[in-house]
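For reference, the structure is listed below as structure tokens.
Computed over heavy atoms, backbone and side chain alike; hydrogens, waters and symmetry mates excluded.
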Amino acid sequence: MKKKKVNLRDLKPDAEAQHTHNDGHNHGNGSAFKTYVPAIISFTMLIIGIGLDYFDVSFFKDWIRIAWYGIAYLPVGFPVVKEGWYSIKKGDVFTEFFLMSIATIGAFIIGEYPEGVAVMLFYAVGELFQSAAVNRAKGNIKALLDVRPKEASVFRNGDYNSVSPENVNIGEKIQIRVGEKIPLDGKLLSSKASLNTAALTGESKPDTIVSNEKVYAGSINLESVIEVEVTNKFEDSSIARILDLVQNATARKSKTELFIRQFARIYTPIVVFLAIGVTFLPYFFVDDYVFRDWLYRALIFLVISCPCALVISIPLGYFGGLGAASKNGILFKGASFLDTMTKINTLVMDKTGTVTKGVFKIKEIKTIGWNETEFMQYLMAMEEQSTHPIAKAILEYKAEGEDFEAKEVSEIAGKGLKGMVNDKTVLVGNKALLIANNIDVPTETESIVESIVLVAIDNQFVGYVVIADELKEDAKETITELHKVGIKNIIMLSGDKDSITQQVAKELNIANAKGGLLPEDKLNEVEILKSNPENKVAFIGDGINDAPVLAVSNVGIAMGGLGSDVAIETADVIIQTDQPSKVVRAIKISRSTRKIVWQNIILAFGVKVIVLILGAGGLASMWEAVFADVGVALLAILNAVRLQRMSWDLAD
């Protein structure tokens with residue numbers, strides 16, 4: 001899969017905030033005040049007109065009254081009528097613009113001028129609220145866009161020069177002062193740095209980075225001036241990929257959203273023809289048929305039937321969920337995955353890098369007849385000659401006193417090291433090494449499932465060190481919370497040896513675990529699970545070795561995907577940090593979003609059906625029609641906006 005290039009200059013904050021329905025109203029341009037001016041003018045003129053009608057002012061009659069309400073109608077009505085006309089020219093007749101235009105112009109034709117203005121005014125105000133709600137829901141994306149660094153201080157010709165980040169090349173050195181944003185991805189040249197990565201990961205806690213570790217564009221330098229070597233071009237930076245991902249997430253519609261949009265396109269022409277029927281059919285069945293009365297009922301019917309509450313609030317609900325997730329450092333590639341996540345009942349997870357840190361640490365030191373510090377000095381002297389990850393873990397031990405030096409060190413393939421330290425022969429390695437040198441190994445070592453380093457000095461067994469991968473701080477809590485949210489079938493699949501996998505699974509209270517698996521073995525296991533149609537499978541992996549399984553799962557979740565191209569290209573959901581507990585939060589956000597969406601659907605349909613029946617029976621006026629249309633839309637929008645204020649802590 002080829003990665004899409006992104007030009008950040010094209011990702012403008014208002015790109016989608018300029019909310020439209022079928023290429024309709026646009027409230028994204030100009031100042032906020034200018035946006036509200038047409039509605040204010042219409043509202044003022046409507047109130048004055050109603051007042052003049054109420055007091056029966058003599059001059060406010062005939063053409064003067066018509067002209068007054070006509071002028072009051074224009075600021076809010078003309079843009080809608082124009083959009084309706086443009087839609088008709090494009091072949092899209094049955095839009096809400098068409099419905100609102102016919103209903104309000106019809107109200108003028110039958111002399112209901114104040115109601116015609118009021119319906120269009122409330123519709124326009126509703127549109128303004130919708131636009132404001134969309135802008136609010138997109139606040140997290142705007143925050144990301146604000147993180148885009150504007151300049152980079154690059155070292156050229158013996159000095160630091162300020163240039164556009166787009167003009168910095170890979171391999172160049174840049175300097176970031178305190179409080180500045182890192183403009184490009186790179187590796188840290190300074191000894192250490194404290195960075196605020198909240199815009200990328202959703203985590204407010206500062207991240208401490210040491211020399212040669214990766215740093216990402218958009219992070220804020222907190223403590224001292226640092227230097228970074230650039231590793232990615234501006235358009236390939238982490239912030240660019242995240243922005244592209246979040247911006248494009250709304251393009252992947254959920255099944256619910258797609259259904260509602262299709263339904264609205266069928267539903268709208270049906271209600272138009274029903275309105276025509278309401279106008280003319282009673283002529284054949286009602287003795288005292290009055291055309292004006294039945295036309296008024298039909299116009300009410302049209303206003304009520306406008307599907308904007310559904311067409312607007314449901315996508316907004318999903319976008320609210322996507323925005324809330326990104327705020328929490330969880331990136332969904334589309335609304336469809338928000339839906340799918342709610343149906344997950346089987347969770348398969350990798351071990352290393354997912355629930356464990358993927359870093360070897362000393363778990364236990366056992367000595368026989370030796371002081372621990374001296375024992376470790378001998379062992380560390382030998383391990384300094386090795387590049388094995390276990391050697392790195394041992395060398396992190398802090399031993400007091402002088403360092404010992406190893407000489408004549410040789411590596412015995414598949415067994416360990418042999419050398420001289422302080423004129424003593426030292427063997428460091430596995431059981432096979434010691435047995436080959438006729439050294440007895442205690443039987444207690446056979447029950448240890450983790451990696452173990454055995455040590456012998458001058459042909460005597462003197463102890464061992466147990467090396468193990470550490471569990472992540474929130475790993476146990478994650479499994480507990482997954483059970484609480486109803487995910488009962490949790491399976492661990494690992495490439496690590498089975499004994500270690502089983503031990504970690506037992507520690508985490510995971511009943512089903514398999515170790516010693518190759519990537520294709522994991523793929524087979526997941527495909528077997530998916531062969532049962534009742535299983536909806538999510539897989540959590542690190543996004544590198546597990547790409548095939550991430551791709552085949554119903555939902556592929558990549559852990560710590562900030563710097564992984566494979567994760568961003570393959571996974572459906574990306575956890576920006578290394579915290580497995582965020583998977584629980586992703587499930588909760590998905591369920592909250594789905595609940596909000598269905599609340600909106602039921603609200604919109606329920607109220608519309610009731611008022612449609614009342615309107616057709618002559619029991620509802622234009623004012624009830626306005627509530628059924630604009631009022632329900634506003635209620636649904638306010639309901640969707642609630643997602644921006646919710647929290648999904650593990651204790652919830």
Side-chain angles (χ1 to χ4, degrees), residues 351-352 355-401 404 406 409-422 424-472 475-476 492 494-511 513-517:
K351 179 183 74 69
T352 307
V355 293
T356 68
K357 295 180 179 179
V359 178
F360 285 115
K361 295 285 184 183
I362 295 174
K363 183 178 180 181
E364 182 184 359
I365 300 172
K366 179 69 178 290
T367 62
I368 299 174
W370 279 69
N371 171 272
E372 181 183 300
T373 300
E374 189 176 9
F375 167 83
M376 288 301 296
Q377 285 174 314
Y378 275 89
L379 175 57
M380 291 166 68
M382 293 291 292
E383 294 291 6
E384 281 180 351
Q385 309 299 313
S386 173
T387 57
H388 195 280
I390 288 178
K392 184 179 178 182
I394 290 172
L395 292 173
E396 288 182 0
Y397 182 88
K398 303 300 181 185
E400 296 180 359
F404 291 175
V409 177
S410 59
E411 183 173 350
I412 295 91
K415 295 180 181 179
L417 303 171
K418 182 177 182 179
M420 300 293 294
V421 179
N422 293 346
K424 297 180 185 292
T425 303
V426 181
L427 297 172
V428 173
N430 57 24
K431 185 177 180 180
L433 175 66
L434 271 63
I435 290 175
N437 286 273
N438 300 314
I439 298 170
D440 293 332
V441 179
T443 55
E444 67 180 87
T445 60
E446 295 175 7
S447 62
I448 298 172
V449 298
E450 295 96 340
S451 299
I452 183 171
V453 178
L454 306 174
V455 181
I457 298 177
D458 283 346
N459 296 319
Q460 291 292 320
F461 181 82
V462 295
Y464 60 84
V465 175
V466 177
I467 304 292
D469 192 0
E470 280 188 304
L471 283 176
K472 290 182 178 177
K476 290 183 180 179
M492 179 180 288
S494 177
D496 206 345
K497 57 185 182 180
D498 190 60
S499 58
I500 294 177
T501 303
Q502 296 299 335
Q503 182 177 337
V504 171
K506 184 178 179 181
E507 196 172 345
L508 293 175
N509 195 27
I510 297 175
K514 292 184 180 180
L517 301 176

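In summary, the side chains of E444 and Y464 do present a donor paired with an acceptor at a separation below 3.5 Å, with no hydrogens or angles considered. No hydrogens or angles considered: a donor-acceptor pair under 3.5 Å links the side chains of E372 and Y397. For the residue pair E450 and Q503, a side-chain donor N or O sits within less than 3.5 Å of a side-chain acceptor on the partner.
Of the listed residues (L417, L379, I362), just one forms a side-chain contact (heavy atoms from CB on, under 4.5 Å) with V453, and that residue is L379.
Taking every heavy atom of both residues into account, K357 and D469 meet most closely at N-OD1, 3.5 Å. Closest non-hydrogen pair, A513 versus T501, comes out as CB-CG2, 4.1 Å. Summarising the geometry of A391 relative to E383, their closest heavy-atom pair is CB-OE1, 3.3 Å, with the distance given to 0.1 Å. For the residue pair I368 and P442, the shortest heavy atom distance occurs at CD1-CG, 4.3 Å.
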Residue pair M376, I365: steps toward the side chain to side chain contact (heavy atoms under 4.5 Å, CB included) verdict: CA-CA 9 Å; M376 288 301 296; I365 300 172; 3.8 Å; yes

Apply side chain to side chain contact (heavy atoms under 4.5 Å, CB included) to M420 and T425, showing your working. CA-CA 5 Å; M420 300 293 294; T425 303; 3.4 Å; yes

CA sep, side-chain torsions, deciding dist, call: S451, V466, side chain to side chain contact (heavy atoms under 4.5 Å, CB included): CA-CA 6 Å; S451 299; V466 177; over 6 Å; no

Using salt bridge (charged side-chain N to carboxylate O under 4.0 Å, His left out), reason through E446 and K431 one step at a time and then give a plain yes or no. CA-CA 9 Å; E446 295 175 7; K431 185 177 180 180; 2.9 Å; yes

Dump the intermediate steps for side chain to side chain contact (heavy atoms under 4.5 Å, CB included) on L427 and N437, then the final yes or no. CA-CA 9 Å; L427 297 172; N437 286 273; 3.6 Å; yes

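Under the 4.5 Å side-chain criterion, counting only non-hydrogen atoms from C-beta, E364 is not in contact with V465. For the pair L433 and L454, the minimum side-chain heavy-atom distance is 4.5 Å or more. In this structure, N422 and Y378 have side chains that are in contact, with non-hydrogen atoms separated by less than 4.5 Å. Using a 4.5 Å cut-off on side-chain heavy atoms (C-beta onward), T356 and K472 make no contact. In this structure, E384 and L395 have side chains that are in contact, with non-hydrogen atoms separated by less than 4.5 Å.
Atom CG of L508 and atom CE of M492 lie 5.0 Å apart (nearest 0.5 Å). The NZ atom of K392 lies 12.5 Å from the OG atom of S386; values are rounded to the nearest 0.5 Å. To the nearest 0.5 Å, atom NZ of residue K351 and atom CG of residue L471 are 8.5 Å apart. Interatomic distance, CD1 of I390 versus NZ of K361, reported as 14.0 Å (0.5 Å rounding). Rounded to the nearest 0.5 angstrom, I457 CD1 and K424 NZ are separated by 7.5 Å. Atom CD1 in I394 sits 10.5 Å away from atom CD in E396 (nearest 0.5 Å).
Classification of E470 and K363 as a salt-bridged pair fails, no side-chain N sitting under 4.0 Å from a carboxylate O.
Annotation for N371: atom CG counts as buried by contact number, over 12 foreign heavy atoms lying within 6.0 Å. Within a 6.0 Å sphere centred on NZ of K418, heavy atoms belonging to other residues, nucleotides or ligands number 12 at most. The environment of Q460 atom CD is sparse: at most 12 non-hydrogen atoms of other residues, nucleotides or ligands sit within 6.0 angstrom.
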